[in-house]
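Have a look at the structure below, then the notes.
One is the number of the first residue; the rest follow in order along the sequence.
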Amino acid sequence: MPDLWLPGAERHPLGDTAPTDAQYAPRVIWHITWDKNGTAAKPANLVPFDQLVRYFTGGGRGAAPHLLWDPFTGRTAQFYPANSRSKSVVDTAGGTRTNRTGRVCLQVETLFFPYCQVNGKSYATVRDTPAKGLAKILAWARSWGVPDAWPMGAPTWSPNRSEHAWETAGGHYGHGQVPENQHTDPGPMPKWPTTGPAPKPGPPPFPGCSAFGPGKSNASILLLGQQLVRRGFGEHYRVGPSRDWGEADRQNVADFQRAQGWSGSDADGYPGPETWRRLFT
Ligand SMILES: [Zn+2]
């Protein structure tokens, strides 16, 4: 297993760990702490790192990330191990469990606000900072399978959101790109150091037989339907695949299973691990 704790990070475990939804691709969510507001004409001093550590281990623990990162010094503090969810995005009832999406769902709070002042110089975006220590964080994320890509594009101050991209692609997301959330941070981020092409994603992990069947609704059903259509087994859909299980899903899966030369209970229209593997490879 890769490192649960970023090598070199100061550890402040909050306990209160909880698993992530590992059927989704691994990802990182980027934030800025935005604890003050400066302007170009009137920049404000950056907040001390230790003040934020006290916040996330005290009154702000309900919104604690995995990592607090100071892009000016490279200093990092960690509050949750990589395999737990953390708590920095809003998760409304229903829909995606936003703090848990992914084999890992690593959240990084960058110690920053627009026009913060450090050593007499003011900085408009995280992109303008020295981004010290960023390469180490990216390497750690990569060790957990997070590709270097931004599936929804590099963050801007006017982000858009796509629940579909969120549920189907691993990589880096800005807080402003997470469904169910209204924040616009982190704004422009440094360009990732080039590390060659992102690893080609393999077949998605099988979510388990219990993900499918009457009354079930989830992203795996949508993914299944989209892949059936891609493979030419979508003729029973009248509208198209959706998150809600329906008889058309069952009939399309059964067609695919019969095309494998299977019959009887092997072609009942409910996907098992072997159906899933063959469908996606
Ligand atoms: Zn945020």
Side chain of [X], backbone of [Y]: donor and acceptor closer than 3.5 Å?
X	Y	answer
Thr20	Arg103	yes
Thr96	Thr98	no
Gln177	Trp166	no
Asp91	Asn99	no

### Summary
Here the ring pair (Phe, Tyr, Trp, His ring centres under 6.0 Å) pairs for residues 95-136, sequence neighbours left out, are Phe72-Tyr123
Between [X] and [Y], which heavy-atom pair has the shortest distance, and what is it?
X	Y	value
Lys216	Ser210	NZ-O, 2.7 Å
Ala64	Phe56	CA-CD2, 3.7 Å
Thr281	Arg277	OG1-O, 2.5 Å
Asn160	Met152	O-CE, 3.4 Å
Ala254	Ala267	CB-O, 3.8 Å
Pro205	Ala22	CG-O, 4.1 Å

Do the non-hydrogen side-chain atoms of [X] and [Y] ever get within less than 4.5 Å of each other?
X	Y	result
Leu224	Pro271	yes
His236	Arg250	no
Phe256	Arg231	yes
Phe280	Pro204	yes
Trp262	Arg278	yes
Pro151	Tyr173	yes
Val47	Lys36	yes
Pro19	Arg100	yes

### Message
Under the side chain to side chain contact (heavy atoms under 4.5 Å, CB included) test against Phe79, which residue among Arg61, His12, Lys87, Glu10 passes?
### Response
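Running side chain to side chain contact (heavy atoms under 4.5 Å, CB included) over Arg61, His12, Lys87, Glu10 with Phe79 returns exactly one hit, His12.
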Can you hop from [X] to [Y] via hydrophobic side chains spaced under 4.5 Å?
X	Y	result
Val108	Trp34	yes
Ile29	Leu6	no
Leu68	Trp140	yes
Val253	Leu223	yes
Val28	Ile32	yes

In terms of side-chain heavy atoms, does [X] have a donor or acceptor partner in [Y] at a distance below 3.5 Å?
X	Y	value
Asp128	Thr125	yes
Gln23	Ser220	no
His172	Trp30	yes
Gln257	Thr275	yes
Tyr237	Asp249	yes

### Query
Arg161 and Glu180: salt bridge (charged side-chain N to carboxylate O under 4.0 Å, His left out), yes or no, with the steps?
CA-CA 9 Å; Arg161 295 178 181 80; Glu180 303 171 17; over 6 Å; no
Rounded to the nearest 0.5 Å, what separation is found between the [atom1] atom of [X] and the [atom2] atom of [Y]?
X	Y	atom1	atom2	result
Tyr55	Glu109	OH	CD	9.0 Å
Cys116	Asp35	SG	CG	9.5 Å
Leu67	Thr76	CG	OG1	6.5 Å
Asp185	Thr33	CG	OG1	9.0 Å
Leu14	His66	CG	NE2	10.5 Å
Ser217	Arg243	OG	CZ	5.0 Å

### From CA spacing to verdict: side-chain contact (heavy atoms from CB on, under 4.5 Å), His31, Thr110
CA-CA 6 Å; His31 303 262; Thr110 307; 6.0 Å; no
#### Entry: Atom NE2 of His183: over 12 foreign heavy atoms under 6.0 Å
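Atom NE2 in His183 is not packed in, count stays at 12 or less.
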### Message
Can you confirm whether Lys132 is buried at NZ, in the sense that more than 12 heavy atoms of other residues, nucleotides or ligands lie under 6.0 Å from that atom?
### Response
no
### Task
Flag this pair as yes if the NZ/CZ of Arg27 is under 6.0 angstrom from the six-membered ring centre of Trp144 and inside a 45 degree cone about the axis; otherwise no.
no
### Task
Please step through side-chain contact (heavy atoms from CB on, under 4.5 Å) for the pair His175 and Ser88, ending with a clear verdict.
CA-CA 9 Å; His175 185 177; Ser88 301; over 6 Å; no
### Task
Could you walk me through whether Arg85 and Asp16 pass the salt bridge (charged side-chain N to carboxylate O under 4.0 Å, His left out) test, one step at a time?
CA-CA 10 Å; Arg85 62 90 180 84; Asp16 181 32; 3.5 Å; yes
#### Entry: side-chain hydrogen bond (donor to acceptor under 3.5 Å, both in side chains) between Gln51 and Arg54, worked out
CA-CA 5 Å; Gln51 187 174 318; Arg54 279 195 298 277; 5.1 Å; no
Tell me whether [X] is salt-bridged to [Y], with the criterion being a basic N under 4.0 Å from an acidic carboxylate O.
X	Y	result
Arg75	Asp50	yes
Asp21	Arg97	yes
Asp266	Arg258	no

### Message
Run the side-chain hydrogen bond (donor to acceptor under 3.5 Å, both in side chains) test on Thr101 and Glu167 for me, step by step, so that the C-alpha distance in whole Å, both residues' side-chain angles and the decisive distance to 0.1 Å come before the verdict.
### Response
CA-CA 8 Å; Thr101 314; Glu167 292 194 343; over 6 Å; no
### Task
Please test Val126 against Met189 for side-chain contact (heavy atoms from CB on, under 4.5 Å), starting from the C-alpha separation and ending with a verdict.
CA-CA 5 Å; Val126 181; Met189 290 289 290; 4.0 Å; yes
### Message
The test is ring pair (Phe, Tyr, Trp, His ring centres under 6.0 Å); show your working for Trp245 and Tyr270 and say whether it passes.
### Response
CA-CA 11 Å; Trp245 179 266; Tyr270 293 99; 5.7 Å; yes
### Task
Give the C-alpha distance, both sets of side-chain angles, the deciding distance and a yes or no for side-chain contact (heavy atoms from CB on, under 4.5 Å) between Leu279 and Leu228.
CA-CA 7 Å; Leu279 190 58; Leu228 284 164; 3.9 Å; yes
